[in-house]
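In what follows, chains are A, B, ... by sequence order, proteins preceding strands, each numbered from 1.
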Amino acid sequence: MAACLHTPRHRLHFLAHGVQQTDYGGVKMIDPKILRERSEIIREGLNKRGATFDIDKLLEIDENRRALIQDSEKMKNERNALSNEIARLKKTGADVADRVTHLRELGRFIEKTEQELRVAEKEWEDMLLVIPNPPHETVPVGSGDRDNEVVKTWGEKPAFDFEPLPHWDIGEKLDILDPKRAAKITGSRFILYKGSGALLERALINFMLDLHVREHGYTEVLPPFMVNRETMTGTGQLPKFEDELFKIEGIDYFLIPTAEVPVTNIHSNEILKEDELPLKYVAYTPCFRKEAGAHGKDTRGLTRLHQFNKVELVKFALPDQSYDELEGLLLDAEDVLKRLNIHYRVSVLCTGDLGFSSSKTYDIEVWLPGQNIYREISSCSNFENFQARRAKIRYRKSGGKIDLVHTLNGSGLAIGRTVMAIIENYQTRDGSIVIPDALKPYMNGLSLISAG
RNA sequence: GGAGAGGUGACCGAGUAGGCCGAAGGUGCUCGCCUGCUAAGCGAGUGUACGUCAAAAGCGUACCCAGGGUUCAAAUCCCUGCCUCUCCGCCA
């Protein structure tokens, strides 16, 4: 058991047989100082989210922890002083035997105190890591998605002189989506794209990457699709949401649930220069999610899959600019739908619907005439310094002082759901799909996907 | 997979019979001075985290890839892991 309590120092540590020992050394989520001195801020954030957490217990552990730090450091100070004295005395040839004995004794006390400290520290960190980020003051208070507020809409619902079909019907008729074979190959919640369907998916990836790189100023990156535990903890997926993740067997790696994870961690444990901020990255990756707890929900079509493609936008911003950057990020994501000419609306998520790591989130919801609903196609969030604190992403101010950056990200967009939106919005009476103008350059000259 | 070499501060690079090394020196950077501009020159400064403190200063502790061990004392010794480089093999 003691082996599990070894002093936290980042990085995972593989044991000889491949099982690993994990620690989150030094990782925190909420600013411990704020928690200590102004705990009402954290309490309020928790209340607004409808979350419960024993702050008082945490404060108690913190107090004990700091007392132990002081004890052990005082003893270490004494040890260092006496050790130096021994070194000096030895040169003069004096007898140091009783000092050595004394220090040997002191060493045992230090070890004992440090042992206690490790336990307290672990307990403290484990608690800190599962406190959600307090919502921004502009976030509406509410308990669930019905309390989200629509803040804008763009375009209009297209008119059809026939009954529009859901994308899964069209996709199977046109033989561009084959869920049955995907289920045979792997299982439920996977999809096999075929022919023009596969091309459409690929075209959208390239269209979005080009748009964000050429016109919105993002730098393209292509990150690893699996990451280690430290990375996953940095962005907040761990330790709380491990059951949502696909874990690689035999090694402490996970498939990424979103490019946010590897891309945000590009700058983990770094100190950035103030004048290089904001940094803007765009990445295409597949995303892997267990969708635990969604059994029976959205079982048809492209809506909810264990594996889907996404183009993701990530920003690293100065703290006083991050909310402006969030608005910009949202516009960059919206621009994709504007160019595809598809109707959507934007909601700000209420406190009860907000993700664990986020301070404020906008959802872009696209109109799906075949299902007669709006469906989330992008989620744009400001995490303020929540992820930056966990992943240690800092920047040096012009005065030389160091501060945490703010991190943001948003889908720009989810590819499968965009395919879904195109199929449903651009369907024709005879069951074909018209290719939106903006996408034609990416479709090898194809302007219509038709049956046969 | 087999055989070697190595991981020190923003960068380069010293530092092995363990102690006075948070760490020489150089470059870069910052501030000041100086030459009419440029180049050069002169002087000073220049890691991070935590704890203490109302705060700053100061003080203390820790950190020379990571974890563990030996010791009164480790960048320096031992063990384990990770990463990088070179050669061979294999492979997309």
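Of the N and O atoms on the side chains of A:S359 and A:N382, not one donor lies less than 3.5 Å from an acceptor on the other residue. Side-chain contact of A:E274 with A:Y395: a donor-acceptor pair under 3.5 Å is absent, judged by distance alone.
A sub-4.0 Å separation between OP1 or OP2 of B:rA73 and a side-chain N or O of A:N84 is absent. Taking 4.0 angstrom as the limit, A:R88 places none of its side-chain polar atoms (N or O) nearer than this to OP1 or OP2 of B:rC20. OP1 or OP2 of B:rA49 sits under 4.0 Å from a side-chain N or O of A:R394. OP1 or OP2 of B:rU52 lies within a sub-4.0 Å distance of a side-chain N or O belonging to A:Q70.
With a 3.5 Å ceiling on both atom-pair distances, the Watson-Crick or G-U wobble partner of B:rA66 is B:rU80.
When rounded to the nearest whole Å, the span between NZ of A:K76 and P of B:rG51 equals 14 Å. For A:I69 and B:rA49, the CD1 to C1' distance is 11 Å, given to the nearest whole Å. Rounding to whole angstrom units, CD1 of residue A:I86 and P of B:rC20 are separated by 13 Å. What separates CG of A:N269 from C1' of B:rC63 is a distance of 13 Å, to the nearest Å. Rounded to whole Å, the distance from CD on A:E274 to C1' on B:rA10 is 17 Å. If you take NZ of A:K33 and P of B:rG51, they are 5 Å apart, rounded to a whole angstrom. Distance A:E114 CD to B:rG68 C1': 14 Å, rounded to the nearest Å. Atom CG in A:N77 sits roughly 4 Å away from atom P in B:rU61 (whole-Å rounding).
Residue-level contact check: A:R104 touches the backbone only, with heavy atoms under 4.0 Å from sugar-phosphate atoms and none from bases. A:K273 comes within 4.0 angstrom of nothing in the nucleic acid, heavy atoms only. If you check every strand for non-hydrogen atoms under 4.0 Å, A:I402 touches sugar and phosphate atoms only. In this structure, A:L82 reaches neither bases nor backbone, as no heavy-atom distance under 4.0 Å exists between it and the strands shown.
Taking the nucleotide of RNA chain B with the nearest heavy atom to each of A:R36 and A:S72, the more 5' of the two is matched to A:R36. Looking at which nucleotide of RNA chain B each of A:I271 and A:R79 is closest to, the 5′-most match is held by A:I271.
Side chain of A:R49 to backbone of A:L354: a donor-acceptor contact under 3.5 angstrom is found. A donor-acceptor pair is defined here as one N or O able to donate and one able to accept, closer than 3.5 Å; such a pair exists between the side chain of A:D54 and the backbone of A:K57.
Between A:Y218 and A:Y281, the ring centre distance reaches or exceeds 6.0 Å.
Between the side chain of A:E73 and the base of B:rG51 there is no donor-acceptor pair of N/O atoms closer than 3.5 Å. Contact annotation: side chain of A:K74 to base of B:rG60, donor-acceptor pair absent below 3.5 Å.
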